[in-house]
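So you know, we letter chains A, B, ... as the sequences are listed, proteins then strands, and number each from 1.
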There are 2 protein chains.
Amino acid sequence: MEKKPTFKCAANPEVKELSEMLKVISDPSRLRILCTLFFGEKCVCEVEEGLAISQPLASHHLGVLREAGLVEVRKEGTSSYYSLVPEALQKLNREFREILGEHKLPDRYPERSRC
Amino acid sequence: MEKKPTFKCAANPEVKELSEMLKVISDPSRLRILCTLFFGEKCVCEVEEGLAISQPLASHHLGVLREAGLVEVRKEGTSSYYSLVPEALQKLNREFREILGEHKLPDRYPERSRC
DNA sequence: TGCTTATATAAACTGTTATTAATATAATGC
DNA sequence: GCATTATATTAATAACAGTTTATATAAGCA
């Protein structure tokens, strides 16, 4: 007999989904990569230099961001140019607000009620 | 001779700060705890039951959230009641928007420019 | 073909962290 | 004081993730 969560919000699949996305962007290198990509696409060697990390490490983190759907890649010659996926960022912002948005706080907090 | 990041945004201390906070909330159990606390304060045993996790685990995650300043605790008898810290959540939302807000995307993306 | 450059992949190492089990603390009531 | 309840802490385990080193792929060029 296995226990089940009794809080509805705790069983919300969107929460699990958001936590996975947050895990991806919570690595400092990856968050810094995202920051730089707001200014436009960058190739791996630019990320490497811009963040002062090794080439395999830059490639690895870009790969994680790509798997998560946050960035996409365009190949040109021997170079790979990475850029943000605007829709993914919009979705991330939306889900963050929906789950952790400050507007969810009641005027009088804390209070006790069912969840 | 050590290399230094050449991207200003990559050296931004706020980015490092945000990544640390995201790491705290990216754990699924902790994100679920935060969700339930939006409805009001909860004692450890309520969190434990509500999420179907063990008592020491609930206590541990609440402790991590507390160290991060996201929740605070009120002791009453043998019980500990945890609640959100509204200011911390507001700050988190603000920094998230400042660094990852969709408004930062230029109308025409991707484009190439200095960062 | 061979050489260089850019990127990706694989393996190994390391450090971190979630989780569990066991134990300790601290308050309450008999 | 003793037993019970709620919570916190500690130690041990196990899984995971970031990093480095080494190697592979693949395009461009002489």
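Here A:F96 pairs with B:F96 under the ring pair (Phe, Tyr, Trp, His ring centres under 6.0 Å) rule; sequence neighbours left out. A:P28 pairs by the side-chain contact (heavy atoms from CB on, under 4.5 Å) definition with B:K16, B:S19, not counting sequence neighbours. The salt bridge (Lys or Arg N to Asp or Glu O under 4.0 Å) check on A:E20 picks up nothing, with sequence neighbours excluded. Taking B:V24 as the reference, B:R30, B:V64, B:L65, B:A68, B:L70 meet the side-chain contact (heavy atoms from CB on, under 4.5 Å) condition, with sequence neighbours excluded.
For residues 74-87 of chain A, every residue pair satisfying the salt bridge (Lys or Arg N to Asp or Glu O under 4.0 Å) rule, not counting sequence neighbours, is listed here: A:E41-A:R74, A:R74-A:E76. Within the structure, salt bridge (Lys or Arg N to Asp or Glu O under 4.0 Å) pairs that include any residue of residues 92-108 of chain B comprise A:R97-B:E102, A:E102-B:R97 (at least two apart or interchain). For residues 50-73 of chain A, no residue pair satisfies the salt bridge (Lys or Arg N to Asp or Glu O under 4.0 Å) rule, not counting sequence neighbours.
With the end axes of the helix from C:dT1-D:dA30 to C:dC30-D:dG1 each set by five pairs, the angle from one to the other reads 10° at 10° resolution.
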Exercise. Using a cut-off of 4.0 Å between protein heavy atoms and nucleotide atoms, how would you tag nucleotides 17-30 of chain D 5' to 3' with B, S and -?
Worked result: SSBSBB----BS--

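To the nearest angstrom, C1' of D:dT9 lies 14 Å from CG of B:L62. Between B:I33 atom CD1 and D:dT7 atom P the separation is 13 Å, expressed in whole Å. One interatomic measurement links the two molecules: CD of A:E49 to C1' of C:dT5, which rounds to 13 Å at whole-angstrom precision.
One N or O on the side chain of B:Y109 and one on the backbone of A:L84 form a donor-acceptor pair closer than 3.5 Å.
In this structure, A:S59 reaches the bases: a heavy-atom distance under 4.0 Å links it to at least one base atom across the strands shown.
The shortest distance between the side-chain N/O atoms of B:Y82 and the OP1/OP2 oxygens of D:dA8 is below 4.0 Å.
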